[in-house]
Visitor: 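First the structure, then my questions, so here it is.
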Amino acid sequence: MSTSHTALRDLGIQAINSGGSTGSSWWSGRNDGSLLPSINPSTGEQIAGVYPCSPEDYERIVKESLEAFRAWRMVPAPKRGEIVRLIGQALREKKDQLGTLVSLEVGKIKAEGDGEVQEMIDMADFAVGQSRMLYGATMQSERPAHRMSEQWHPLGPVGVITAFNFPVAVWAWNAFVAAIAGDTVIWKPSPKAPLCAVAVQQICNRVMQQQGYAGIFSLFITDQPALADNMVQDPRLPLISFTGSVPVGRRVAAAVGQRLGRTLLELSGNNAVIVDETADLDMAVRAIVFGAVGTAGQRCTTTRRLIVHESRCEELAGRLVKAYAQVQIGNPLEKDVLMGPLIDQVAVEGYRAALDEIKKEDGQILCGGRVLSRTGFFVEPTIVRAQNHWPVVQRETFAPILYIMTFQTIDEAIQMQNDVPQGLSSAMFSNHLRHGERFISAAGSDCGIANVNIGTSGAEIGGAFGGEKETGGGREAGSDSWKAYMRRQTNTVNWGTELPLAQGIKFGS
Ligand code: NAD
């Protein structure tokens, strides 16, 4: 396993790095803005710094991306796939180092850091296959000697804005599919994880240079909301794929909607697990602990609500409290540590504020509930007896707080599961066939993801990933998500010698 030092060195991270690039031949320079520090959340110390982009850098990036698009859209899709395959290969070679950097910069345990890079590699493989399957349908024309069909064309430069908690994988979900679709990609990563983005850009640049391309994958780091707004409002970017919180997502959707552009929104979740009277508790406990404590509760798919049949609540709560006591908290790069820190002090304050609110509601804290007094942003994973309608339960607190509630009938459980503004991931543990089927039926969970006997987090890339309601409705990764990155064109060709008009209309001579 790489050390922090060797990982940074092997990934080409310097003490000070540029925050903009369109390829090996251009990295942005120093500008008037202040240096953006990358902070290790386990220690609060600076790892390295990045010069954010200036407005002029942004202009250059968009211009080069547009120019590159004009050529890239004419490269055959399987050839584009081959280039993505080479990037996947380059990521394989740097998996350990990049996984270490993810741990270092955002505090995920090493297995999760490596897992995130593996997801990028899997996405590359998926996109390579997809590059030969950008299928359009054919239709039967109602007119003689006419052929109707549809085809999918590249869209243009795509803006990809990502959240801190998946600092590399979310880019890959978007970028690889967009690239095989013939689009170029401009990535604005979270300013809380700029080094991960610089490292990925370096890996891409090397492959693209060897293949003789530039401007296909570009990096645009900024910590200025006004500059990010510029990108969102830019009509040269036909699609903005945004992953982040609901409040920022709302602004992005409104701004892109105003210019009648397209958005792909992947916003907050408030995910529940239902445990019914027939559930296998061994399986449920494992899934709930992984879902609620993993990534210190900072996944969009984190299990935040537990809706348990009243006959099983005491037993399940007791087993969870025991399991939580085993969770080792600490430096995410150390062996046996299962939970790292929150991302920053703001996140710690969010955790604290939620607990204050819980106390005012008379919520019973079953375990956890403390901020750890040590360097870094560490908190205890927490379980609370709560009620679904409390405002604190209705919103996403991006921290490891699990709310337990009880139900009597399965209809009541499903209603509680659906009775929040968000609609990302949901799960039911049950050995009752009818309960499981009811849960995933049209009258069941209203989420984009609904699982039976599997927890809420850890989605596979083969399916379309995303959620409903305030989660934004976007879909990324597998299934037919590629269609979001292309424009559909319906073609009718008349290969006959007559010109029959629609609806039998006779017009002119
Ligand atoms: P955030 O909303 O604070 O930031 C997300 C991104 O938006 C960052 O890159 C940020 O710099 C950028 N941004 C901020 N202001 C902007 C503006 N005015 N215009 C354009 N961009 C702007 O989110 P975060 O704290 O980084 O991430 C956590 C949130 O993301 C959680 O709510 C989580 O559920 C959500 N998330 C969702 C998914 C999903 O797939 N549904 C995946 C990961 C994270």
Side-chain angles (χ1 to χ4, degrees), residues 19 36 41 50 52-53 58 105-108 112 116 119 159-174 186-194 196-197 219-234 237 240-256 258 261 263-271 294-304 342-347 349-350 395-399 420-425 447-449 456-459 461 463-477 481:
L36 174 65
V50 173
C53 291
Y58 175 71
E105 195 172 37
V106 302
K108 291 187 178 196
E112 288 174 335
E116 200 177 325
E119 221 169 272
V160 176
I161 300 176
T162 56
F164 80 83
N165 66 325
F166 275 93
V168 291
V170 168
W171 170 81
W173 287 14
N174 284 278
I186 300 173
W187 182 15
K188 196 213 83 58
S190 166
K192 295 176 187 174
C196 284
L219 180 64
F220 164 56
I221 294 182
T222 178
D223 55 345
Q224 301 299 315
L227 254 190
D229 267 341
N230 262 2
M231 176 180 186
V232 164
Q233 286 170 17
D234 193 334
L237 310 185
I240 297 288
S241 173
F242 176 85
T243 300
S245 60
V246 167
V248 181
R250 232 186 258 288
R251 290 185 54 173
V252 167
V256 181
Q258 189 60 34
T263 45
L264 194 171
L265 300 173
E266 296 281 353
L267 312 180
S268 315
N270 191 354
N271 318 294
T295 323
Q298 299 171 109
R299 282 177 176 234
C300 50
T301 53
T302 289
T303 306
R304 306 199 181 277
L342 295 182
I343 187 69
D344 56 15
Q345 190 57 33
V346 176
E349 294 313 326
R395 67 167 194 265
E396 179 199 57
T397 298
F398 221 46
V420 287
Q422 311 82 356
L424 181 51
S425 187
C447 291
I449 297 166
T456 57
S457 69
I461 58 132
F465 180 88
E468 302 299 331
K469 304 194 294 188
E470 282 193 359
T471 304
R475 291 297 185 275
E476 283 173 356
S481 304

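None of these values were measured; they are calculated from a predicted model. All ligand and atom numbering here is 1-based and tracks the order in the structure. Just the heavy atoms: all of them, side chains too, but no hydrogens, waters or symmetry mates, feed the values below.
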Visitor: Got the residues with a heavy atom under 4.0 Å of ligand 1, by chain and number?
Guide: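 Residues within 4.0 Å of ligand 1: Ile161, Thr162, Ala163, Phe164, Asn165, Lys188, Pro189, Ser190, Pro191, Pro225, Ala228, Asp229, Val232, Phe242, Thr243, Gly244, Ser245, Val248, Val252, Glu266, Leu267, Ser268, Gly269, Cys300, Glu396, Phe398, Leu424, Phe465.
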Visitor: Does atom CZ of Arg251 have more than 12 heavy-atom neighbours from other groups under 6.0 Å away?
Guide: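 Open.
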Visitor: Thr456 and Thr303: side-chain hydrogen bond (donor to acceptor under 3.5 Å, both in side chains), yes or no, with the steps?
Guide: CA-CA 6 Å; Thr456 57; Thr303 306; 2.7 Å; yes
Visitor: Between Lys108 and Asn165 (side chain of the first, backbone of the second, donor and acceptor by atom type, cut-off under 3.5 Å), is there such a pair?
Guide: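 Yes.
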Visitor: Would you please classify the geometry between the Tyr58 ring and the Phe220 ring as parallel, tilted or perpendicular, with 30° and 60° separating the classes?
Guide: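 Plane angle between 30° and 60°, so tilted.
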Visitor: So Pro41 and Lys192, do their side chains get closer than 4.5 Å, heavy atoms only?
Guide: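 When only atoms from C-beta onward are counted, Pro41 and Lys192 do not touch, as no gap falls below 4.5 Å.
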Visitor: Given the ring of Phe242, does Lys188 sit roughly above its face, with NZ or CZ under 6.0 Å from the centre of the six-membered ring and within 45° of the axis?
Guide: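 No.
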